[in-house]
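See below for the structure under consideration.
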Amino acid sequence: MTYVYILIIILLIILNILLFLAYYRKKQEEKSYKQLKNEIAKSIDLNIKNPVNDFLLHQLNFFIQNLQEKYKSEKNKRRNIFSILDNLSEGVILVSINHDEIIRVDFANSFAKNIFNTEEFVGRTLTEVIDNHNLIELALKSFKINDNVDEDISFYYPEKKYFRCQVKSIGVENYRVIILLDITKEKNLENLRREFLTIMSHEMRTPLSVISGYLETVLNEPNLDEEIYISLKKVEEETSRLTRMFNDLLDIERLEKNIGEEKRFVYFNFSNTIKRAYDFFKIVSDNLFVEFEKQVEEDIYIFGNEDRLLQVVYNILDNSFKFTSLKEKGQKKVWLRLYQSSNEVILEIEDTGIGIPSKEMKKIFNLFYRVDKSRTRQVPGLGIGLYIVKTILESHGARIYLDSEENNGTLFQIIIPTNKNALNRTEKSF
Ligand code: ADP
């Protein structure tokens with residue numbers, strides 16, 4: 001029984017202590033509230049004894065407390081956002097531009113600071129912290145054209161790296177965010193693949209031409225057995241496909257370095273070139289049961305490398321027939337159009353083929369890029385045709401536009417300037 005009394009007494013003591021603490025805290029709060037009220041009243045010369053003033057001060061205090069809470073929660077949110085940005089594996093830089101076209105950094109996350117090997121970003125100009133002319137130009141371009149831009153840029157310091165750089169608008173005037181994605185691994189792999197394929201193409205040329213020579217001799221034999229003739233014809237077809245593929249790979253090297261024949265530009269009748277391409281592909285179209293229509297204005301002359309521009313037309317037409325014949329139902333048709341419009345010549349190749357998904361459209365001009373392998377497995381290709389097209393057109397100061405809808409068809413529009421001076425401008429429009 002005595003234990004029960006002792007327990008009750010202890011519980012009563014604890015309850016008393018808790019009540020006292022609550023009372024003490026309330027008193028403290030009241031005291032600090034009173035102090036604050038007095039301070040405010042003093043600073044704005046208000047008589048605290050007046051009940052109206054007292055009520056106003058009470059309201060004001062309530063307001064201040066609310067603001068303090070809000071400020072605290074905003075501060076927390078800000079801290080969370082910065083910690084997320086700092087843990088990203090992409091560089092993020094927030095910049096703004098002033099009237100003198102000087103770009104200043106307002107924020108940079110840890111990844112960006114590591115890329116440029118500096119901690120002091122904020123408040124400095126972009127040229128002070130970034131030793132890369134191309135990236136600065138890209139940021140300036142985004143402000144000038146008032147649009148988002150992106151480009152793959154190489155950095156040489158502190159080590160050679162490649163970044164996909166995007167400059168995006170954030171909905172606040174004169175502000176942009178620069179996002180840097182490290183693509184060094186992919187680029188190195190691509191360079192390695194390119195180097196390997198170039199060496200291999202060089203090495204394969206001689207044996208392939210020997211095989212072709214022997215095949216030609218054997219195929220010209222008058223008493224050749226019919227079955228052997230058909231098999232050898234297949235071997236000949238595949239050999240020429242391989243030769244074309246290796247030649248394409250070697251072309252890339254030549255085109256990128258812009259060497260030798262590449263620079264030999266002349267005035268020539270482009271209408272005739274297009275008609276030649278039409279005649280060649282008419283046979284292909286008949287074999288594949290795809291309709292083929294041409295609308296070519298006569299005697300359109302342009303200044304350029306005829307062989308290379310013919311290659312552009314061949315590469316695009318080749319794809320049009322490949323991807324239109326793949327279609328299972330619906331109309332199968334390809335159009336080839338050439339016309340003059342003021343100072344420009346417009347070439348259009350349109351088809352009703354399987355089309356290109358919109359998210360892939362930007363990428364199909366990249367080297368070795370093929371849309372969804374399962375879709376195109378049935379047709380041979382390495383993903384180099386359109387890269388060659390893009391490189392040739394750039395050297396002619398021409399632009400190419402692509403419009404496509406999946407399962408409905410694709411349109412390639414090429415705009416070639418007829419004015420020689422325009423050749424100096426290598427505009428990208430992909
Ligand atoms: P490939 O050797 O694979 O044809 P290209 O560079 O010529 O390489 O084309 C790249 C990819 O673009 C193709 O694999 C294909 O998926 C897509 N493509 C190009 N032209 C067309 C077209 N007319 N219709 C549908 N897809 C196309």
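Just so you know, ligand 1 is whichever comes first in the structure, and atom 1 is the first atom listed for that ligand.
Ligand 1 has no N or O atom lying under 3.5 Å from any N or O atom of Phe412, backbone or side chain. For Tyr387, no nitrogen or oxygen atom sits less than 3.5 Å from a nitrogen or oxygen atom of ligand 1, counting backbone and side chain alike. At least one N or O atom of Gly383, backbone or side chain, sits closer than 3.5 Å to an N or O atom of ligand 1.
Residue-level proximity to ligand 1 for Thr410 is carried by the side chain, the only part with a heavy atom below 4.0 angstrom. When heavy-atom distances to ligand 1 are checked against a 4.0 Å cut-off, Glu360 has no atom that comes that close, whether in backbone or side chain. Of all the heavy atoms of Tyr369, the ones lying under 4.0 Å from any atom of ligand 1 belong exclusively to the backbone. Of all the heavy atoms of Val389, none lies under 4.0 Å from any atom of ligand 1, so neither backbone nor side chain is involved.
For Ala398 against Pro417, the heavy-atom pair with the smallest separation is CA-CD, 4.0 Å. The two residues Thr239 and Ile211 make their nearest non-hydrogen contact at CG2-CG2, 4.1 Å.
Annotation: Phe303 is not in aromatic contact with Phe268 [ring centroid separation under 6.0 Å not met]. Between Phe281 and Phe321, the gap from one ring centroid to the other is short of 6.0 Å.
Within the cation-pi definition used here (under 6.0 Å to the ring centroid, within 45° of the axis), Lys161 does not qualify as a partner of Phe155. Seen from the ring of Phe246, Arg205 does not count as a face-on cation partner, given the 6.0 Å and 45° thresholds.
Look at Gly355 and you'll find a heavy atom under 4.0 Å from some atom of ligand 1. Under a 4.0 angstrom heavy-atom cut-off, Ile384 registers as being in contact with ligand 1.
Ligand 1 places these atoms under 4.0 Å from at least one heavy atom of Leu386: 5 (P), 6 (O), 7 (O), 9 (O), 19 (C). Of all the atoms in ligand 1, the ones that sit under 4.0 Å from a non-hydrogen atom of Asn319 are 4 (O), 5 (P), 7 (O), 9 (O), 19 (C), 20 (N). The distance from ligand 1 to the heavy atoms of Arg370 drops below 4.0 Å at these ligand atoms: 1 (P), 3 (O), 14 (O).
Around atom CD of Gln295, more than 12 heavy atoms belonging to other residues, nucleotides or ligands sit under 6.0 Å away.
Ile384 CD1 to Leu367 CG: the interatomic distance, rounded to the nearest 0.5 Å, is 7.0 Å.
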